[in-house]
Novice: 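The structure's right below; bear with me while I get my questions together.
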Amino acid sequence: MLARKELRRRIAREMKGVLGPTRKLLATANNMRKILSTKRLIKEDMEKSKLVVAFMFAEAYALFTSVKQLCEQGMSHTASIVLRSMIELVIYLKYLRQEDNEERAERFFYWAHKEKYKFMNKFPSYFSDTQKKAIKNSYESVKRLYVMTDRRGNSTPARHWHCFRSIEKLAESVDLVSEYGAYGHLSMNVHISPAHLLGRIRNLRIEYDPFFDPGMLRENLVMNFTYFLCVCRETNDIYSLGKSEVLDKFVEQQNHFRRGWENLGDGA
């Protein structure tokens with residue numbers, strides 16, 4: 001079994017074709033964050049559709065750095081679980097950026113008011129009268145966003161902020177079927193059978209990850225780069241950060257190392 005330091009060195013060496021661009025993209029994203037902050041481009045009174053993109057960028061940044069660091073440590077299984085959230089975020093972002101995006105963004109932005117109101121009704125003893133009044137007022141101000149009316153005029157409360165029953169239906173509605181396929185593939189790692197997992201452990205010894213796989217490691221890095229780049233380009237366009245030329249170069253690199261997926265290397 002490789003020592004932890006040796007494993008990190010091996011990953012850095014064998015995955016440098018993906019890790020190099022990943023670190024450069026991270027540096028570019030940091031610069032984008034700095035521009036957003038120093039120029040104060042994010043304002044409370046702006047359209048919710050813009051604020052949502054800024055939130056998505058911040059969330060994607062956190063997921064991107066997490067997957068990168070986990071992969072550098074050889075945590076392929078855990079990285080794939082985090083990466084699953086990145087794909088979900090990209091599907092949400094595509095949905096929010098379609099037509100009627102302001103109303104969709106408001107539904108996303110204020111969903112917490114509905115959930116808190118629902119929680120309060122379920123556990124009223126947790127809240128004081130003053131809190132109950134504030135929560136109810138917050139919900140009443142956005143209630144119209146979460147009441148769905150069918151053709152017969154019957155109204156029902158929305159089950160999700162996006163009004164779809166599943167992430168699959170949501171992905172289909174925005175032509176991201178292949179992305180949902182990747183989401184489903186990663187979901188197998190979340191819901192993996194413990195019996196199958198034990199069969200993967202070499203000599204019945206737990207090493208660094210319950211499902212360590214160099215091939216999965218490389219695939220995670222490539223997908224992480226691809227989806228975060230998508231979010232960066234959307235953020236750059238919405239806030240006019242002037243990074244189009246730099247991000248276009250990353251697209252070229254992405255196309256290059258995506259073709260190298262078949263060269264996955266041997267197991268550690």
Novice: Rounded to the nearest 0.5 Å, what's the gap from CD on Gln98 to CG on Leu93? Could you check?
Specialist: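 Gln98 CD to Leu93 CG: 11.0 Å, rounded to 0.5 Å.
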
Novice: Can you name the ring-ring contact (aromatic ring centres under 6.0 Å, His included) partners of Phe109, sequence neighbours left out?
Specialist: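 Result, ring-ring contact (aromatic ring centres under 6.0 Å, His included) vs Phe109: none returned.
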
Novice: Could I get the full list of side-chain hydrogen bond (donor to acceptor under 3.5 Å, both in side chains) partners for Asn31, not counting sequence neighbours?
Specialist: Lys243

Novice: Starting at CG of Leu247, measure out to CD of Gln254 and round the result to the nearest 0.5 Å.
Specialist: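 That separation rounds to 11.0 Å.
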
Novice: Let me see the working for Leu70 and Ser80 under side chain to side chain contact (heavy atoms under 4.5 Å, CB included), right down to the final yes or no.
Specialist: CA-CA 9 Å; Leu70 286 166; Ser80 69; over 6 Å; no

Novice: List the atom of Cys230, the atom of Val90, and the distance in Å for their closest heavy-atom pair.
Specialist: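 For Cys230 versus Val90, the nearest heavy atoms are SG-CG1, 4.2 Å.
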
Novice: With rounding to the nearest 0.5 Å, note down the distance linking OH in Tyr183 to OG in Ser178.
Specialist: 15.0 Å

Novice: Does Ser141 have any side-chain hydrogen bond (donor to acceptor under 3.5 Å, both in side chains) partners at least two apart in sequence or in another chain, and if so, which?
Specialist: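 Applying side-chain hydrogen bond (donor to acceptor under 3.5 Å, both in side chains) to Ser141 gives none.
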
Novice: Would you list the pairs meeting salt bridge (charged side-chain N to carboxylate O under 4.0 Å, His left out) in which at least one residue belongs to residues 130-146, sequence neighbours left out?
Specialist: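 Only Glu106-Arg144 qualify under salt bridge (charged side-chain N to carboxylate O under 4.0 Å, His left out).
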
Novice: Taking only residues two or more places apart in sequence or in another chain, which ones pass side chain to side chain contact (heavy atoms under 4.5 Å, CB included) with Ser128?
Specialist: Thr130, Gln131

Novice: With sequence neighbours left out, which residue pairs that include part of residues 113-130 fulfil the salt bridge (charged side-chain N to carboxylate O under 4.0 Å, His left out) condition?
Specialist: none

Novice: Under the rule for side chain to side chain contact (heavy atoms under 4.5 Å, CB included), what residues qualify as partners of Arg13, not counting sequence neighbours?
Specialist: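 Here the qualifying residues are Glu6, Arg10.
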
Novice: So which atom in Trp111 and which in Ala158 form the shortest heavy-atom distance, rounded to 0.1 Å?
Specialist: CH2-O, 3.6 Å

Novice: Between Lys5 and Arg9, is any pair of side-chain heavy atoms under 4.5 Å apart?
Specialist: yes

Novice: I need the minimum non-hydrogen distance between Ser244 and Asp237, along with the two atoms involved.
Specialist: OG-OD1, 4.2 Å

Novice: Identify the two heavy atoms, one from Ile87 and one from Ala182, that lie closest to each other, and give their separation to 0.1 Å.
Specialist: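 Looking at all heavy atoms of both residues, the closest pair is CD1-CB, 3.7 Å.
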
Novice: With a 3.5 Å distance limit and no angle check, can you tell me whether His160 reaches the backbone of His162 through a side-chain donor-acceptor pair?
Specialist: no

Novice: Between side-chain atoms of residues 19-30 and protein atoms elsewhere (two or more places apart, or another chain), which donor-acceptor pairs fall under 3.5 Å?
Specialist:
{"from": "Thr22", "atom 1": "OG1", "to": "Val18", "atom 2": "O", "distance (Å)": "2.8"}
{"from": "Arg23", "atom 1": "NE", "to": "Glu72", "atom 2": "OE2", "distance (Å)": "3.2"}
{"from": "Arg23", "atom 1": "NH2", "to": "Glu72", "atom 2": "OE2", "distance (Å)": "2.8"}
{"from": "Thr28", "atom 1": "OG1", "to": "Lys24", "atom 2": "O", "distance (Å)": "3.1"}
{"from": "Asn30", "atom 1": "OD1", "to": "Arg33", "atom 2": "NH1", "distance (Å)": "2.9"}
{"from": "Asn30", "atom 1": "OD1", "to": "Tyr61", "atom 2": "OH", "distance (Å)": "2.6"}
{"from": "Asn30", "atom 1": "ND2", "to": "Leu26", "atom 2": "O", "distance (Å)": "3.4"}

Novice: Rounded at 0.5 Å granularity, tell me how far CE in Met32 sits from CG in Leu41.
Specialist: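 Here the rounded value is 11.0 Å.
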
Novice: Look at Glu88 together with Arg84 and state whether they make a salt bridge at an N to O cut-off of under 4.0 Å.
Specialist: no

Novice: Side chain to side chain contact (heavy atoms under 4.5 Å, CB included) between Arg233 and Val251: does it pass, once the steps are laid out?
Specialist: CA-CA 10 Å; Arg233 296 179 79 189; Val251 173; 3.4 Å; yes

Novice: Which atom pairs, one a donor and one an acceptor, fall under 3.5 Å between side chains of residues 45-60 and the rest of the protein, sequence neighbours left out?
Specialist:
{"from": "Lys48", "atom 1": "NZ", "to": "Tyr110", "atom 2": "OH", "distance (Å)": "3.4"}
{"from": "Ser49", "atom 1": "OG", "to": "Glu102", "atom 2": "OE1", "distance (Å)": "3.0"}

Novice: Just verifying a value: how many Å separate Trp161 CH2 and Arg107 CZ, rounded to the nearest 0.5 Å?
Specialist: 7.5 Å

Novice: Treating Arg104 as the side-chain partner and Leu96 as the backbone partner, does any N or O pair qualify as donor plus acceptor under 3.5 Å?
Specialist: no

Novice: Residues in ring-ring contact (aromatic ring centres under 6.0 Å, His included) with Tyr227, at least two apart?
Specialist: none

Novice: Of the non-hydrogen atoms in Leu7 and Gly74, which two are nearest, and what is the gap between them?
Specialist: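 Taking every non-hydrogen atom into account, CD2-CA, 4.3 Å.
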
Novice: If you measure from CG on Leu83 to OG on Ser76, what distance do you get to the nearest 0.5 Å?
Specialist: 12.0 Å

Novice: Evaluate the side-chain proximity of Leu170 to Ser173: yes if any heavy-atom separation is below 4.5 Å, no if none is.
Specialist: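 Of all side-chain heavy-atom pairs linking Leu170 with Ser173, at least one is under 4.5 Å.
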
Novice: Could you walk me through whether Tyr95 and Tyr92 pass the side chain to side chain contact (heavy atoms under 4.5 Å, CB included) check?
Specialist: CA-CA 5 Å; Tyr95 175 75; Tyr92 286 162; 5.7 Å; no

Novice: Applying side-chain hydrogen bond (donor to acceptor under 3.5 Å, both in side chains), name anything that partners Arg97, two or more places apart in sequence or on another chain.
Specialist: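 Here the qualifying residues are Glu234.
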
Novice: Backbone N or O of Phe164 within a donor-acceptor pair of the Lys169 side chain at under 3.5 Å?
Specialist: no

Novice: If you take all heavy atoms of Val147 and Ser155, which pair is closest and at what distance?
Specialist: CG1-CB, 3.6 Å

Novice: Other members of the hydrophobic cluster containing Ile135, with the 4.5 Å side-chain heavy-atom rule, please.
Specialist: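 Other cluster members: Tyr117, Phe119, Met120, Phe123, Tyr126, Phe127, Tyr139.
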
